[in-house]
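First comes the structure, then the notes that go with it.
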Amino acid sequence: LLGGSGGTSHSTCLKQGACDKECGMLMDCGLHYCKRRCHGSGDMGILGQGNLHSGCSEKVEDLCSKGHRVERMCCKDIGSVICLACEEIAMNEKMRREENVRKDCELELERLRRRG
């Protein structure tokens, strides 16, 4: 266990490659701990896969720019998250505008028919 207490020590994992415990090292976000199986050799892992502690995939609750609650992966910027409430509001507004245009067209057509 690299980051936590008990189990295999960090130095043992570095020497032996990995163990069967949860990694437990702090992710780059500074908020969550790695839940992957021990990958040894610190951030690079036993296979040299790169920084295994970047891109935290913990789900966190956040607020969109309009104040609606959204869920996102910790590593994702709030700007990249699609807010379903905002999407629904935008769709309803679009449908309302389209309906208003349709009604305006019908009124104009009726006006032209009366004019003859």
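Computed from a prediction, not measured in an experiment: that's the story for all the values here.
Its side chain within the 4.5 Å cluster rule, M95 clusters with M91 among the Ile, Leu, Val, Met, Phe, Trp and Tyr residues. V60 belongs to no hydrophobic cluster with other residues, because no ILVMFWY side-chain heavy atom falls under 4.5 Å from its own, directly or through intermediates.
Partners of R102 under the salt bridge (charged side-chain N to carboxylate O under 4.0 Å, His left out) rule, at least two apart in sequence or in another chain, are E99, E106. E87 pairs by the salt bridge (charged side-chain N to carboxylate O under 4.0 Å, His left out) definition with nothing, not counting sequence neighbours. Residues forming a salt bridge (charged side-chain N to carboxylate O under 4.0 Å, His left out) with K35 (at least two apart in sequence, or on another chain): E58. Checked against side chain to side chain donor-acceptor pair (under 3.5 Å), E61 has no partners two or more places apart in sequence or in another chain. Every residue two or more places apart in sequence or in another chain was checked for a salt bridge (charged side-chain N to carboxylate O under 4.0 Å, His left out) with R115, and none qualifies.
Of the inter-residue distances, the one linking M27 atom CE with Y33 atom OH reads 12.0 Å to the nearest 0.5 angstrom. For the atom pair SG of C56 and CG of L31, the computed distance is 7.5 Å after rounding to the nearest 0.5 Å.
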Practice task
Take E93 and R96 through the salt bridge (Lys or Arg N to Asp or Glu O under 4.0 Å) test and state the conclusion after the steps.
Solution key: CA-CA 5 Å; E93 287 176 357; R96 184 184 48 78; 5.4 Å; no
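Taking 4.0 Å as the cut-off between side-chain N and carboxylate O, R111 and E108 count as a salt-bridged pair.
For I82, the CD1 atom is loosely surrounded, since the number of other residues' heavy atoms within 6.0 Å does not exceed 12.
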For a quick test of your reading: what N or O donor-acceptor pairs under 3.5 Å do the side chains of residues 64-79 make, sequence neighbours left out?
residue : atom : partner : partner atom : Å
R72     : NE   : D62     : OD2          : 2.8
R72     : NH1  : C74     : O            : 3.0
R72     : NH1  : K76     : O            : 2.8
R72     : NH2  : D62     : OD2          : 3.1
D77     : OD2  : G79     : N            : 3.1

